[in-house]
There are 2 protein chains.
Amino acid sequence: MFDELCPSSLNPIRFGDKWAPLVIRCLEGGPRRFSELRVPLRRVTPKVLTASLRALERDGFVERTVHPGPLQRVEYALTPLGRSLLGPLEAACAWAGEHWDELLDAREAYEGRQQAG
Amino acid sequence: MFDELCPSSLNPIRFGDKWAPLVIRCLEGGPRRFSELRVPLRRVTPKVLTASLRALERDGFVERTVHPGPLQRVEYALTPLGRSLLGPLEAACAWAGEHWDELLDAREAYEGRQQAG
DNA sequence: CGCCCCGGTTACCTCTCGGATACCGGTCCG
DNA sequence: CGGACCGGTATCCGAGAGGTAACCGGGGCG
């Protein structure tokens, strides 16, 4: 059934690493520069953000373009492949919006049961 | 923007831990016993499978019921909350089915570029 | 009794992820 | 020249996820 390395056991189905979903959503509205990404993602250190971006670039989700000339800029943009992730990602976010509370309640109830015995 | 602990930065949007998606799909067709889950998931050691199931139970996605009497059985079943995950999960799997090859191609191309300089 | 199956648990180890901190080369600007 | 900004790197580190292997108590069963 799931003998082989099923794709779903690998990362992409989980939207990449920890910050990848947020990075993707940040790029949804168009290309962004490194320092522009750092503003909404201020909790992410540059090293980690770089790692996330490199992974997304490697998998063909974002494209990194260095605009040369004076005032050189580096921009990150979603590729078509990256945009194709927006659908599933949106589905997952919608799910979270609808059911997040239930999940928290379940956790609380579980903790209660644990302590009770 | 994403100042606070945004839900999407937490695990549930990523369908739990490494094996959770597969476990959920295994339970899609109805309740399964621990040893029944171990068959399709033969690459998962009991410890890890237990951990995954406990986490899913804690978050209210699966229910663990011990059927007493002689020949005691332990069954795991999806709760309604767990079933609500099937939609997004299906979306992610469909995405993988459609775009998996593109992703692999992108990776290959990237490696090539790396080695070329 | 001895053995097997079921549903785990325990101990231990490795390895990766992510975080903290500091630093760096290039470029512009005064 | 000095300083700031940009787009990162380098280094170190701790926590925890996940894997390996061994073990275990309860119940049936020959």
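Chain A is the first sequence line, chain B the second, and so forth, proteins listed ahead of strands; every chain is numbered from 1. All of these numbers come straight from a predicted model, not from anything done at the bench. Just so you know, these numbers use all the heavy atoms, side chains as well, and skip hydrogens, waters and symmetry mates.
Protein chain B contacts DNA chain D from D/dG18 to D/dG28, reading 5' to 3' and using non-hydrogen atoms of the protein with a distance under 4.0 Å.
With hydrogens and angles disregarded, no donor-acceptor distance shorter than 3.5 Å links the side chain of B/R58 to the backbone of A/R107. Checking side-chain atoms of B/S84 against main-chain N and O of B/L81 turns up a donor-acceptor pair under 3.5 Å.
Scored by the salt bridge (charged side-chain N to carboxylate O under 4.0 Å, His left out) test, B/E90 finds B/R25 as partners (sequence neighbours excluded).
For A/E108, the CD atom sits in a loose shell: 12 or fewer heavy atoms of surrounding residues, nucleotides or ligands are nearer than 6.0 Å.
The side chain of B/R38 places no N or O atom within less than 4.0 Å of a non-bridging phosphate oxygen (OP1 or OP2) of C/dC5.
In this structure, the separation between CG on A/L78 and CZ on A/F61 is 10.0 Å, given to the nearest 0.5 Å.
Between A/E75 and the options A/R33, A/H67, A/R32, a side-chain hydrogen bond (donor to acceptor under 3.5 Å, both in side chains) holds for only A/H67.
Here the side chains of B/W100 and A/I13 are not in contact, with every heavy-atom distance at 4.5 Å or above. Contact annotation: the side chain of B/R64 never approaches that of B/F34 to less than 4.5 Å [non-hydrogen atoms, C-beta and beyond].
Atoms CD (B/Q72) and P (C/dC5) sit 18 Å apart, rounded to a whole Å.
For B/E36 and A/L71, each mapped to the nucleotide of DNA chain C holding its nearest heavy atom, the one lying further toward the 5' end belongs to B/E36.
At the heavy-atom level, A/L49 lies nowhere under 4.0 Å from the strands shown.
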Check nucleotides 18-22 of chain C for protein N or O atoms closer than 3.5 Å to its own N or O atoms and list the pairs.
residue, atom, partner, partner atom, Å
C/dG18, OP1, A/K18, N, 2.9
C/dG19, OP1, A/K18, NZ, 3.2
C/dG19, OP2, A/W19, NE1, 3.0
C/dG19, O6, A/K47, NZ, 2.1

